[in-house]
Undergrad: 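Okay, handing you the structure first.
Only a predicted model underlies this, so the values are computations on that prediction, with no experimental measurement involved. Here is the naming used below: chain letters follow the sequence lines, and residue numbers restart at 1 for every chain.
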Amino acid sequence: MVLCGPSGCGKTTLLRHLKRELKPVGTCEGAIWYKGQAMDELTPQTAAEDIGMVFQNPEAQIVMDTVWHELAFSMENMGYSPTVMRSRLAEIAGLFGLEPLLYKPVHELSGGQKQLLNLASVLLLRPKLLLLDEPTSQLDPVAAREFIHMLHRLNEEMSMTVIISEHRLEEVFPIADRVLLMEEGSLKAEGTPSELVQRIGHEEQQKQLSYLPTASRLFLALSPPEERVAQQSIPLTVREGKRWLHGQLALLKNYGHESAVENIVTVTDSFRKEQETLLKCQEVTFRYQKEGPDILSKLTLNLYRNEVLTILGGNGAGKSTLLYLMAGLSKPQRGRITLAKGVTAGYLAQNPLLYFSQDTVKEELLHMARYAGLSEADSQREIAKLLDIFQLHEVYDSHPLDISGGQQQKVALAMVLLLTPDILLLDEPTKGLDPGAKERLASLLKLLREDGKSIVLVTHDVEFAAKYATRCAMLFDGGITAEGPPDVFFSANYFYTTVVNRIVRDWLPQALTIEDVT
Amino acid sequence: MLRFRYPLFIALALFVVGLALTAALQDRHYILLSLVLLAAALFPLFVRLERRSIESRELVLLAVLSAVAAVSRIPFAALPSVQPVSAIVILSAYVFGAEAGLIIGAMAALVSNLYFGQGPWTPWQMFSWGMVGLTAGWLRNTRWMRSKIGMLVFGFIWGFLFGWIMNIWYIISLPDAFSWGLVAAAYASSFYFDLAHALSNVFFLSILAGSWIKVMERFRKKYGLLQRG
Amino acid sequence: MSNGFRSVHPSVALLYYVGLLLFATLLFHPLFLLTELAAVLSLLLLQGQGRHLLRGLPFYLLMAGSVVLWNPLFSHRGSHILFYAFDQPITLEAILYGLMMMLVLLTIMFVFISYNFTMTTDKFMYLFGTVAPKSALLILMTIRFVPLFQRRLGQITLIQSSRGISVSSGKLRKRMSDGMTLLKVLLTWSLEEALQTADSMKARGYGIRKRSTYGIFKLDRRDIITLICLAGSGMLTLIFSMQGYGMVEIYPRLKTPVYTGGDAVMYGSFCMFLLIPVGLEIKEKWLWRSFERRDFPSVIPIKKGPHYMTSRSR
């Protein structure tokens, strides 16, 4: 079962109500039944054992220092005997392939491994119902896919009931039995995946449309309304989408889409020469320790005025490190990073909490303005301007930790902007955002670009890069292996490209988004 | 094996206590005795911790504060003899009470020594920082600690007291040389370190007490625990 | 990475180290102290801790060596006056006493180096957890937080330096208050996230019933034999020591120690106690040597680690 809906629509609250230990404080009406027993009447032991829950942040859930200890923690809580613990641990470690990690301290694990560890630790109590609250939002795509595969296996092989709330629907939609769409605290729609696609497609609501997997959206966008009735044919995955398109090919020809293929002309990178170079990385080599491996080696990359450059790359490829270096926060051992004259760079880290040291948003901004060397009047004016752009007036006097995650990100961005940088360096700004929030972020970036800023962003999010970037670069093995405008860049890739591109590449090799196809 | 653990440990402890007493009385070997006394001082702390049922949030809160105190030496590594741990322990005890202060102080010493290396000084540090927390917690509702100057004086005194307690384990290894002269010499040799400690306490408390207490009070409400008694 | 003495059951190791500390403080005799020091040193070297020892050596020598100076300056007991310094009599006894005390302190510190290597945190926690499970839980959680916080602090330092908060520049006053600001950011962030940790503990049934302990250590036959040998020889030494053997009298006047049969027996059992772990280490070394010879009789020595891996592979 998949729960979806925008952030703050009550998904987490609902899940917490299903887990008795974590029931939120507040007035609660109605009743929840588990196996014909009211939730409040379960014994503490059944409540803890039968219902397992995994949360969003992989790091914060871990209690113990080593992997085996973390795994044993839940069993120790239930007071199992050592022999029971031993055999269960052996079983789960085998299932998850955790043996090589068993004696490692948890801080050496990657985010994906941590989240798998959390799942394994919950499974040791043999729950019948598994609740997951956006478990993959902090993971990179590869780790997220692996995690969801694991869930699918548990569901298939052990027939475990899984309730998951997710923003990343591409993978979970096809394997779901039932999908629930929530909005503002109530259930908006419910049904099997294809039923839901059909219903949403019927109502033509843009906002909800973004929660469907791309293949389905493509289907809705391309097929005329009368055709959507045939329920079986709704594609959910790339394979189904491609098969469906294949069937439609004859139709497509009739509609004259053939010409569209020829219309797309390869955009050459001639525009570069007219552009002014703002930042130059020349053969940059960097490592953290003397003995350590090179994180970046002989990397060369230029940034031009007024562009949105996305840097893509796998986990630990050194994307964040590159941004640190560009921002001047650390120095490369070899090579040079030069900024054009009078150009400054501002860096926004993944976690906005890193920026807050004062008691209110107001003080944060004032402190930053003082550091930027603005006069009293100037800073008042600048801050007022930023508050308008980011719509932060209502949180101006709140504590920075009392506001929502999205607002925190905006405040941190506003703080960086007070330094009036020409280049903005953003580290994974779309991590954990729901589709709506991503679009709002994109329009914000557009606004900044119109304001004359150049933007570099590092991301795993292929779809976001394809839609909003002017140029993409691939970071691999310490260097830039490919770069170019999104359509050229992605059509040259086979796997690392958007879902739409993977579906339609036989016909429209350069189409990246649904808008490109229609 | 499990069943025999408690009696085994108790028997072992009693044995060492007896040994220490006789050794101290007969041959004036105070090292062993001092360790036993320290253990006795910290013992009630662990007993209380074991017997109470602790909320998970409370446990997490204590762990976070202890860990912050333990890593607090890192940013000041560039500044020799600036010692932030005491100030953090005092502030935590001020907000969360004597018992929490004692635990945080002792934990911070124990855990930071897991990284810096355990030694004969570990129990002494646990004791000293534990006492810093305990006394700060006891005095937190008095008018003296409520006033800013009172708190600064408190920090200043503990800066010296801490060094003095740490000197003891060194002095008692020379039972025959024990005289006011030796004490004075030992204390004089550590005077500058102690002064630096005391002054940094005063500095940290005077500048940051307000904002740190605010942060901790905020979380005390948010966690909804360890209410002011 | 655990072999030799490091692989024994934690309780055996604990017994050995407690014994070492006890004897170091109880047996006030140069022969015993020197023997113990030599045994601990050879154990350290066999465990490959020589470099570790060298690094801390200046500090240890300074600490222990100062005793030799302080004692005769402040203690004037004893009948053999050597000379006068600052109008104070310096006695032979006081110097000898200081030297002995130096040996005691050095031994204690070396014991701790070996202890830090052998008794890793999880072993200590395993023993501690059986007597005080809640305190052990608290300690473990703190231990888990420390490396996490170190990393966070690194990030915070980097980011906050972009807004001028840094400990590496400016006046001392500013650097100190900036350092505390960094810590405050760490505190706020961590307390915020720790709420989730508490939730995850609760979700996994913390506090429902009495916790049990999962141990990865098993007491095997070798451990039991070692335990018995250690306990036996240790007890024997202790009994003799209570009888007054193995002591030299320095104060009020130095006496030439007389060796009796009792002393010899005591010394024998003491040596046995000390050398059991050393023996284990040597046996282990020998085992691997012969193992490698038997399995790889070729003349070409095996290279340690795959040499084809370059520094770039992670």
Side-chain angles (χ1 to χ4, degrees), chain B residues 1-2 5-6 9 16 19 22-23 27 29 31-32 46 49-50 53-57 59-64 66-68 70-72 74-76 78-79 82 84 88 103 107 110-111 114-115 117-120 173-174 176-177 179 181-182 185 200 203-204 207-208 211-212 215 219 222-223, chain C residues 22 25-26 28 67 70-71 73-75 77 94 97-98 101 104-105 108-109 112-113 115-116 121 130-135 137-139 141-143 145-146 149-150 153 157 167-168 172-173 175-177 179-180 182-184 186-188 190-191 194-195 197-198 201-202 206-207 219 247 251:
Chain B
M1 179 78 190
L2 258 167
R5 265 181 197 144
Y6 281 97
F9 274 102
V16 175
L19 213 63
T22 49
D27 314 305
H29 280 175
I31 296 184
L32 203 56
F46 289 111
L49 201 65
E50 289 304 319
S53 73
I54 312 176
E55 272 279 313
S56 58
R57 291 186 164 197
L59 209 58
V60 169
L61 181 88
L62 290 174
V64 168
S66 313
V68 167
V71 299
S72 67
I74 297 169
F76 297 100
L79 308 170
V82 172
I88 293 177
I103 293 172
M107 284 294 157
L110 182 67
V111 171
L114 283 175
Y115 291 86
Q118 304 285 6
S173 63
L174 300 173
D176 278 296
S179 62
L182 177 70
S200 55
F203 177 81
F204 286 140
I207 295 233
L208 298 152
S211 65
W212 273 67
V215 169
F219 280 103
K222 201 159 177 176
Y223 279 62
Chain C
L22 260 182
T25 48
L26 279 180
F28 204 62
V67 180
W70 288 126
N71 195 54
L73 278 179
F74 289 99
S75 166
R77 294 177 67 191
Y97 190 91
M101 238 26 237
V104 172
L105 287 181
I108 290 179
M109 289 189 214
F112 268 105
I113 302 177
Y115 170 88
N116 283 336
T121 314
T130 53
V131 252
K134 274 183 197 155
S135 320
L137 181 62
L138 179 57
I139 296 176
M141 287 168 64
T142 315
I143 291 172
F145 281 139
V146 169
F149 287 5
Q150 279 176 330
L153 203 57
T157 313
V167 275
S168 51
L172 181 67
R173 204 186 142 78
R175 286 160 74 176
M176 280 169 76
S177 77
M180 276 314 229
L182 296 182
L183 286 175
K184 195 176 94 179
L186 174 70
L187 180 78
T188 334
S190 303
L191 281 175
L195 272 171
T197 314
M201 285 172 74
K202 240 177 143 184
Y206 170 79
L219 201 66
M247 288 279 167
Y251 294 131

Undergrad: Where does C:Leu137 contact chain B at under 4.5 Å (heavy atoms): side chain, backbone, both or neither?
TA: side chain
Undergrad: Mind checking whether C:Thr142 and B:Leu110 have side chains closer than 4.5 Å, heavy atoms only?
TA: no
Undergrad: Would you sort out whether B:Trp212 and B:Ile88 count as a side-chain contact (heavy atoms from CB on, under 4.5 Å), showing the intermediate values?
TA: CA-CA 9 Å; B:Trp212 273 67; B:Ile88 293 177; 4.2 Å; yes
Undergrad: When you compare the side chain of B:Val68 with that of C:Leu191, does any pair of heavy atoms fall below 4.5 Å?
TA: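 SC-SC contact between C:Leu191 and B:Val68 ruled out.
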Undergrad: Of all residues at least two apart in sequence or in a different chain, which pass the ring-ring contact (aromatic ring centres under 6.0 Å, His included) check with C:Phe149?
TA: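 With sequence neighbours excluded, C:Phe149 shows a ring-ring contact (aromatic ring centres under 6.0 Å, His included) to C:Phe145, given in chain and number order.
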Undergrad: With a 4.5 angstrom heavy-atom cut-off, which part of C:Met201 approaches chain B: side chain, backbone, both or neither?
TA: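 It is the side chain, since no backbone atom gets that close.
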Undergrad: Where does C:Ile143 contact chain B at under 4.5 Å (heavy atoms): side chain, backbone, both or neither?
TA: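 Its backbone and side chain both get close to chain B.
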Undergrad: Please flag which part of C:Thr157 lies under 4.5 Å from any non-hydrogen atom of chain B: side chain, backbone, both or neither.
TA: neither
Undergrad: For C:Ser177, check side-chain contact (heavy atoms from CB on, under 4.5 Å) against everything at least two apart and list the hits.
TA: B:Phe203, B:Ile207
Undergrad: Between B:Val64 and chain C, which part of the residue has a heavy atom less than 4.5 Å away: side chain, backbone, both or neither?
TA: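 The answer is both parts of B:Val64.
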Undergrad: Between C:Leu182, C:Ile139, C:Thr197, which has the largest tally of heavy atom pairs under 4.5 Å with chain B?
TA: C:Ile139
